[in-house]
Every structure is written in structure tokens, then in C-alpha cells.
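Okay, so here's the structure we're looking at.
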Amino acid sequence: MMEMEMRPCLDEFEKLLVRMNTPRVMIDNAGCVNATLVMIDSARKDGILLDAVQVLTDLNLLIKKGYVSSDGCWNMDVFHVTNLDGNKLTDDSIINCIQQSLGTIHHTRSKSIDGMTAIELTGTDRVGLLSEVFAVLSDLKCDVVESKVWTHNGRIASLIYLKDCESGCPINDSQKLESIEARLRNVLKGDNDIRSAKTSVSMAVTHTERRLHQMMFADRDYERTSVIKTSGECSPAVSVQNCLEKGYSVVNIQCKDRPKLLFDVVFTLSDMQYTVFHATIDTTDNGAYLEFFIRHTDGTAISSEAEKQRVTLCLKSAIERRASGGVRLELRKEDKPGLLAEVTRAFRENALNVTRAEISTTMGKAENIFYVTDAHGNHVDSKTIESVRQRIGLDYLRVKELPLAFRNNEKGENVEGGAVLLALGSLLRRNLSNLGGLIIKSYS
């Protein structure tokens with residue numbers, strides 16, 4: 001009899017556990033005039049904010065505004081999102097994907113890389129380096145299926161996913177891997193980078209863009225000074241202060257808005273072992289304004305000026321790494337062995353420097369994006385671009401405009417940050433006052 005009486009109580013308790021451990025996702029297209037509201041209600045867990053932002057980012061959505069609050073044991077996030085053209089979300093498949101992904105948040109990589117060999121490169125950047133890397137891989141009969149390349153402060157980081165050209169399988173032969181490793185290490189060393197060209201082997205699997213941030217952080221790019229400065233580039237304004245009455249450190253950021261900005265900032269804070277308890281995100285045509293109330297994972301605030309300076313430098317670098325300096329070129333062409341070596345050789349021979357690249361292959365077709373400047377980081381003149389296009393094929397290589405939502409921000413205007421940072425700094429305070437190398441990996 002007692003068991004029968006306890007059963008309903010146990011059922012309710014089990015429901016409560018499920019409720020506490022399953023994020024509740026609400027999507028509202030009526031509550032805001034120019035954006036779709038995505039609301040996430042969940043028990044507070046380490047990393048849940050980063051995973052939510054990653055889901056939205058991997059779907060190529062723009063986060064225009066956001067509010068994060070996780071006092072006590074509960075978390076509430078609200079994001080105002082649009083597509084890349086700045087419009088509300090109307091595609092049911094995207095909306096369903098958001099609901100399913102956010103409702104079952106867990107750490108994932110952006111897409112499957114099973115059946116490929118992953119190569120990680122870090123070293124000193126120089127004009128033509130990417131051309132040399134792809135030439136070596138082509139010579140060794142390696143098919144580049146996917147790759148991402150970032151450059152910052154004279155350093156380069158790249159993840160390259162390969163298959164064997166002849167078999168179409170991941171490269172597992174130890175001798176061939178050693179040959180790839182040795183030749184790429186020599187390319188990275190060049191004439192003056194013997195110390196920082198490193199090699200190691202790992203089987204770890206991670207989100208590609210998270211890993212790129214980790215590689216550049218480990219390379220300490222934030223301590224270096226850029227030799228090449230992209231024309232019109234504005235440094236982000238970052239400040240770190242302590243809110244002693246609440247035991248938080250307050251991070252304020254003002255910079256030009258761009259896709260994936262919030263992901264880059266939140267990931268960097270998370271990877272540096274800080275937890276975000278409250279945040280406000282606001283973007284306008286003039287820029288992005290972000291404020292975060294953070295603590296160490298052990299619950300303490302930032303304790304020294306040296307640590308504040310380190311956080312400031314690391315956040316600036318995280319924002320700058322993905323900055324789209326230069327002319328955006330898009331290549332769409334039937335894939336073939338050596339295509340990337342051929343294209344990047346044309347860039348090198350015209351003294352074009354690749355500041356960022358995204359390489360992908362879909363159904364036998366190469367779909368690649370390159371951001372290029374001249375050798376000094378300045379804008380490339382149209383004659384040089386047309387010469388490269390003529391060589392590769394006018395129908396294959398095209399100059400691509402940025403999405404509508406970001407064209408107004410590409411004029412290089414430098415927005416003044418002091419007054420806005422202070423205004424944002426007071427916003428959440430008022431709310432709070434009311435709340436008591438080279439790495440080779442194989443995946444088979």
C-alpha cells in the first residue's frame with residue numbers, strides 16, 4: 001500500500017529531474033519587429049551559454065541583441081536573431097533545428113569529420129605560405145576536403161582535413177604521416193621560425209573554430225605585434241573592472257559588429273576558465289556593445305591588474321582573429337587534384353596575402369572563400385584582382401559582397417567607446433542591485 005502511495009511522488013520527482021536537465025526553448029516571431037526571439041530556460045550548467053551560442057552560430061544566424069542571467073541555480077538566455085540578410089527566421093527547418101539542438105545541448109563539432117585525417121598548422125605567417133603548404137600536400141597525393149585558416153599578429157593557424165587521393169580513405173600509414181609532418185614542418189620553419197614550428201600527434205576531436213582559437217591562444221598571438229596591419233582596421237575597445245559589492249568582474253567590449261562575434265568572446269572567456277553569470281549584447285549600425293559579469297570557475301573575481309591586462313589582450317585577439325580584412329573572393333569550381341595549390345600559387349605570384357580562408361568540398365565541387373590583401377596588408381587594386389580572376393577563370397573566381405546586414409559596417413569607421421561602455425556598464429549594475437606547431441589526427 002505504501003509503495004502505491006509513493007509511486008505518484010516518485011513520478012513527479014522524475015519529471016522534475018527531466019525538467020531541470022532539459023533546456024526549455026521558446027521561439028517567438030511576434031514579440032520583436034525586426035528579429036526572432038530565441039529564449040532558453042534551463043538549470044545552470046557550466047558551458048551551457050557557450051553551447052547555445054555555438055548552435056546559433058553554426059546555423060549562420062546573427063545575434064543582434066542578447067540578455068543572459070544565471071543567478072542561483074537557474075539560467076535564462078534571450079537572443080534576438082536574424083539570418084545573414086538581417087531578416088526574421090521564417091524557414092521552418094531552421095526553427096525546428098534550433099529547437100531540437102538547443103533542447104538537447106551537448107558538446108559537438110560543427111560537422112562530421114569521420115573518414116578524414118586532420119592536420120593542425122601554426123607558425124609565422126608570410127606571403128605565399130599557404131601556397132607552399134597546399135603544394136606540398138598536392139605533391140604527397142593528399143586531397144584537401146576541408147580547411148579553415150586564420151591569421152593574426154603575424155601568426156597563422158590552420159586546420160586541414162585530408163583524404164588520400166588514390167584510395168579516398170583517411171591517411172593511416174605512419175610513414176606517409178611522418179613524411180607529411182616533416183615536409184610541412186620545413187615549410188612552416190621557413191628561414192626564421194625554427195623555434196615556434198612544433199610537431200605533435202593527437203586523436204582529440206573538437207569543434208573546428210574552438211580549436212583554432214585554442215591553437216592561437218597556445219601560440220600566444222595575443223602577446224605579439226602585427227607586422228602587417230590591414231587597412232582601415234580598428235582595434236576593439238575592451239575594459240575589465242571589478243564590481244566589488246557583488247563579487248563580479250565586469251568586462252565591457254565595443255567593436256565593429258560581425259558574424260560569430262559573440263561566439264568568439266564567450267568561447268575565449270570559457271577557455272580561460274571564467275563563468276558568465278550575466279551579460280548584455282547590443283548591436284547597431286555603428287558597432288557591437290557587449291557586457292559580461294564573470295567570475296573564475298572557483299567563484300572568485302579577477303584579483304590583479306596583470307590578470308585584467310591578460311584578459312583584455314586575449315579578448316582583443318579573439319575578436320581580431322576572425323576579422324575579415326581584405327577583398328573577399330569566392331571560388332566555385334569542379335574539384336580536382338592540386339586545385340588549391342594552383343589557386344594559391346596564382347595569389348602568391350600576384351603578391352596577394354591570404355588573411356583568412358574557408359575551404360570546403362561538396363558533391364565534388366570546391367566551394368572556397370579567401371580574404372586577400374596586398375603584401376603590406378593594404379587593399380588590393382582592381383587590376384590585380386582581375387588579373388588573378390582571368391588566370392583562374394572569371395566564371396569560377398568572383399568578388400563577393402558581404403551580407404546586407406554588414407555592408408554598412410565595412411567603411412572602417414572607428415566608433416568611440418568610452419561613453420557607451422560606461423552606459424552599458426551601468427545597465428546590468430542597476431539590474432544586479434535589484435537581485436540581492438603541427439598536429440596530425442586521424443578519424444576512421
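In this text the structure is predicted, and so the values were computed from the model without any measurement.
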Verdict with supporting geometry, Asp219 and Thr122, side chain to side chain donor-acceptor pair (under 3.5 Å): CA-CA 8 Å; Asp219 194 50; Thr122 55; 4.8 Å; no
List the atom of Ser101, the atom of Val55, and the distance in Å for their closest heavy-atom pair. CB-CG1, 3.6 Å
State the CG-OG distance between Asn75 and Ser70, to the nearest 0.5 angstrom. 5.0 Å
Are Ile156 and Leu121 side-chain neighbours, meaning at least one heavy-atom pair lies under 4.5 Å? no
Mind checking the CZ-CG spacing from Phe263 to Leu50? Nearest 0.5 Å is all I need. 6.0 Å
Please determine, by modelled atom types, if His296 and Glu307 share a side-chain donor-acceptor pair under 3.5 angstrom. yes
Run the side chain to side chain contact (heavy atoms under 4.5 Å, CB included) test on Val68 and Phe293 for me, step by step, so that the C-alpha distance in whole Å, both residues' side-chain angles and the decisive distance to 0.1 Å come before the verdict. CA-CA 10 Å; Val68 174; Phe293 284 69; over 6 Å; no
Is the NZ or CZ atom of Arg295 positioned over Tyr274's six-membered ring, under 6.0 angstrom from the centre and within 45° of the axis? no
List the steps, then state whether side chain to side chain donor-acceptor pair (under 3.5 Å) holds for Tyr289 with Thr280. CA-CA 8 Å; Tyr289 312 97; Thr280 301; over 6 Å; no
Side chain Lys148, main chain Thr208, donor-acceptor under 3.5 Å: no
Give, for atom CE of Met215 and atom CZ of Arg321, the distance between the pair rounded to the nearest 0.5 Å. 11.0 Å
Looking at Ile319 and Arg258, what are the two nearest heavy atoms and their distance? O-NH2, 2.9 Å
For Thr124 and Arg155, what are the C-alpha separation, side-chain angles and deciding distance, and is it a side chain to side chain donor-acceptor pair (under 3.5 Å)? CA-CA 5 Å; Thr124 299; Arg155 308 299 294 172; 2.6 Å; yes
Would you check if Arg322 and Asp264 make a side-chain contact, meaning some heavy-atom pair closer than 4.5 Å? yes
Is any side-chain heavy atom of Phe79 less than 4.5 Å from a side-chain heavy atom of Val53? yes
Any side-chain heavy atom of Leu329 within less than 4.5 Å of one from Arg398? no
Looking at Val149, is its backbone amide N or carbonyl O close enough to the side chain of Ser158 to form a donor-acceptor pair, meaning the two atoms are under 3.5 Å apart? no
Looking only at atom types and distance, does a side-chain atom of Ser270 sit under 3.5 Å from a main-chain N or O of Val266, one as donor and one as acceptor? no
Side chain to side chain contact (heavy atoms under 4.5 Å, CB included), that's the test. Do Glu320 and Ser235 meet it? Break it down for me. CA-CA 8 Å; Glu320 291 170 347; Ser235 180; 3.6 Å; yes
What's the verdict on salt bridge (charged side-chain N to carboxylate O under 4.0 Å, His left out) for Asp282 and Lys65, showing C-alpha distance, side-chain angles and the deciding distance? CA-CA 5 Å; Asp282 188 26; Lys65 294 181 186 295; 2.3 Å; yes
Rounded to the nearest 0.5 Å, the CG atom of Asn286 sits from the NZ atom of Lys256 at a distance of 12.5 Å
Go through His278 and Phe292 one step at a time and tell me if the ring-ring contact (aromatic ring centres under 6.0 Å, His included) criterion holds. CA-CA 6 Å; His278 303 277; Phe292 301 89; over 10 Å; no
Between Lys365 and Asp335, is there a side-chain N and carboxylate O pair less than 4.0 Å apart? no
Is there a side-chain contact between Met216 and His152, using heavy atoms and a 4.5 Å cut-off? yes
Exercise: identify the closest heavy-atom pair between His80 and Ala35: CB-CB, 3.9 Å
Using a strict threshold of under 4.0 Å (side-chain N to carboxylate O), is an ion pair present between Asp271 and Arg210? no
Side chain to side chain contact (heavy atoms under 4.5 Å, CB included) evaluation trace for His379 with Val327: CA-CA 7 Å; His379 194 78; Val327 177; 3.5 Å; yes
Looking at OG1 of Thr300 and CG of Asp298, how far apart are the two atoms once the value is rounded to the nearest 0.5 Å? 3.5 Å
Side-chain heavy-atom pair Val354, Thr151 within 4.5 angstrom cut-off: no
Step by step, work out the salt bridge (charged side-chain N to carboxylate O under 4.0 Å, His left out) result for Arg211 and Glu209. CA-CA 5 Å; Arg211 185 63 191 137; Glu209 293 171 345; over 6 Å; no
Is it true that Glu132 and Arg348 make a salt bridge, defined as a side-chain N closer than 4.0 Å to a carboxylate O? no
So, do Thr82 and Leu61 sit near enough that their side-chain heavy atoms are less than 4.5 Å apart? no
Under 3.5 Å: donor-acceptor pair, side chain of Ser360, backbone of Glu146: no
Point-to-point distance, once rounded to the nearest 0.5 Å, from CD1 of Ile294 to SG of Cys243: 12.0 Å
Tell me, do Phe277 and Lys246 make a side-chain contact under 4.5 Å, heavy atoms counted? no
Criterion side chain to side chain donor-acceptor pair (under 3.5 Å) on Ser93 and Asp91, from CA distance to verdict: CA-CA 5 Å; Ser93 65; Asp91 187 332; 2.5 Å; yes
Where Leu315 and Val238 come nearest, the two heavy atoms and their spacing: CD1-CG1, 4.2 Å
Heavy atoms of Val127 and Leu352 approach each other most closely as CG1-O, 3.8 Å
Closest approach of Cys255 and Leu261, non-hydrogen atoms and distance? SG-CD2, 3.7 Å
Between Glu291 and Val251, does the side chain to side chain contact (heavy atoms under 4.5 Å, CB included) criterion hold? Intermediate values first, please. CA-CA 6 Å; Glu291 181 172 68; Val251 177; over 6 Å; no
Measure from the side-chain N and O atoms of Asn242 to the backbone N and O of Leu244, and report whether any donor-acceptor pair falls under 3.5 Å. no
Does a salt bridge link Arg356 with Glu358, judged by any charged N lying under 4.0 Å from a carboxylate O? yes
